[in-house]
Amino acid sequence: MTTRACPCGLPEPYETCCGRCHSGAAAAPTAEALMRSRYSAFVQRDAGYLLRTWHPRTRPARIDLDPAMRWTGLEILETGAGSAFHTTGTVTFRASYRGGSLHERSRFERVDGAWVYVDGDFLD
């Protein structure tokens with residue numbers, strides 16, 4: 001049996017990379033790590049994780065994930081702050097899907113010590 005690399009683009013297996021965040025066994029230590037885990041949650045269609053990691057101020061009541069959407073890759077283009085020593089951060093990324101891509105600069109904050117997604121600006 002072969003283990004596939006995590007959908008977030010890092011070479012670790014999903015179970016020891018973003019899967020740990022999705023299961024609650026680990027928390028994302030940086031804004032970039034949270035961005036990667038959220039992308040993987042879109043790939044895995046894990047709406048619960050996406051809602052749990054969304055800032056309470058901007059979180060929607062629910063999200064509906066399109067079962068036909070096929071995410072094909074994540075490219076981190078730039079990060080600003082967002083380390084273990086910061087309370088805010090940004091991640092600019094391109095997420096590819098079958099038929100196109102999404103280019104966004106996302107904003108993240110810490111809430112009770114945990115990184116959460118606040119909102120983002122579409123760039124293309």
Side-chain angles (χ1 to χ4, degrees):
M1 183 169 141
T2 61
T3 304
R4 295 176 49 104
C6 190
C8 79
L10 296 177
E12 291 87 11
Y14 167 77
E15 293 77 20
T16 58
C17 191
C18 293
R20 291 177 39 82
C21 293
H22 296 173
S23 71
T30 65
E32 180 182 335
L34 182 65
M35 174 61 238
R36 288 180 179 279
S37 71
R38 286 177 57 82
Y39 170 81
S40 291
F42 276 102
V43 172
Q44 301 288 347
R45 294 186 192 87
D46 187 344
Y49 180 78
L50 292 167
L51 289 170
R52 285 191 309 275
T53 57
W54 210 312
H55 197 292
R57 185 176 71 239
T58 58
R59 179 187 318 139
R62 59 176 244 186
I63 56 173
D64 296 314
L65 300 175
D66 181 353
M69 178 65 89
R70 296 291 178 255
W71 294 99
T72 59
L74 175 66
E75 180 183 6
I76 302 296
L77 303 172
E78 182 180 317
T79 60
S83 77
F85 302 105
H86 298 106
T87 57
T88 63
T90 60
V91 178
T92 304
F93 68 93
R94 186 177 318 281
S96 300
Y97 56 89
R98 194 173 296 148
S101 68
L102 169 72
H103 186 194
E104 180 178 314
R105 179 174 300 111
S106 295
R107 283 178 285 283
F108 298 88
E109 291 179 13
R110 284 188 187 267
V111 172
D112 297 328
W115 285 106
V116 292
Y117 170 78
V118 177
D119 59 17
D121 296 320
F122 296 117
L123 300 176
D124 288 344

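Put simply, the side chain of R45 gets close to the backbone of P67: a donor and an acceptor are under 3.5 Å apart. Side chain of S96 to backbone of T72: no donor-acceptor contact under 3.5 angstrom is found. Using modelled atom types, one side-chain atom of T58 and one backbone atom of V118 make a donor-acceptor pair closer than 3.5 Å. Judged purely by atom type and a 3.5 angstrom limit, S37 uses its side chain to pair as donor or acceptor with the backbone of L34.
By the side chain to side chain contact (heavy atoms under 4.5 Å, CB included) test, A47 is found to be paired with I63, L65, residues two or more places apart in sequence or in another chain being considered. Taking the salt bridge (Lys or Arg N to Asp or Glu O under 4.0 Å) definition, one finds that R62 meets it with D64, sequence neighbours left out. Residues forming a side chain to side chain donor-acceptor pair (under 3.5 Å) with S83 (at least two apart in sequence, or on another chain): H86. Y117 pairs by the ring pair (Phe, Tyr, Trp, His ring centres under 6.0 Å) definition with W54, F108, not counting sequence neighbours. Remark: A25 engages R20, S23 in a side chain to side chain contact (heavy atoms under 4.5 Å, CB included) (not counting sequence neighbours).
One hydrophobic cluster, built from ILVMFWY side chains closer than 4.5 Å, cannot hold both L10 and F93; they sit in different ones. Under the 4.5 Å side-chain heavy-atom criterion for grouping Ile, Leu, Val, Met, Phe, Trp and Tyr, V43 is connected to Y97 within one hydrophobic cluster. The hydrophobic clustering, which links ILVMFWY residues whose side-chain heavy atoms are closer than 4.5 Å, places M69 and L50 together. Both L51 and Y39 are assigned to one and the same hydrophobic cluster, defined by single-linkage of ILVMFWY side chains at heavy-atom distances under 4.5 Å. A chain of hydrophobic side-chain contacts below 4.5 Å, direct or via other Ile, Leu, Val, Met, Phe, Trp or Tyr residues, connects V91 to L74.
P7 and Y14 get closest at one heavy-atom pair: CD-CD1, 3.9 Å. Nearest heavy-atom pair across Y49 and C21 is CE1-O, 3.4 Å. Minimum heavy-atom separation, E12 to C17: CB-CB, 3.9 Å.
Contact of the V111 side chain with the R57 side chain is not registered, since no non-hydrogen atoms from C-beta on lie closer than 4.5 Å.
For S106 and E104, the side-chain atoms include at least one donor-acceptor pair closer than 3.5 Å.
Taking a 6.0 Å sphere around CZ of R105, one finds it holds 12 or fewer heavy atoms contributed by other residues, nucleotides or ligands.
The CZ atom of R38 sits 11.0 Å away from the CZ atom of R52 when rounded to the nearest 0.5 Å. Interatomic distance, CD1 of I76 versus CE of M35, reported as 5.5 Å (0.5 Å rounding). Of the inter-residue distances, the one linking E109 atom CD with H55 atom NE2 reads 4.5 Å to the nearest 0.5 angstrom.
Within the structure, every pair that satisfies the salt bridge (charged side-chain N to carboxylate O under 4.0 Å, His left out) test and touches residues 75-103, not counting sequence neighbours, is listed here: R94-D124.
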Report the C-alpha separation of H103 and T92 in whole Å, then their side-chain angles, then the decisive distance to 0.1 Å, and conclude whether the side-chain contact (heavy atoms from CB on, under 4.5 Å) test is met. CA-CA 7 Å; H103 186 194; T92 304; 3.8 Å; yes

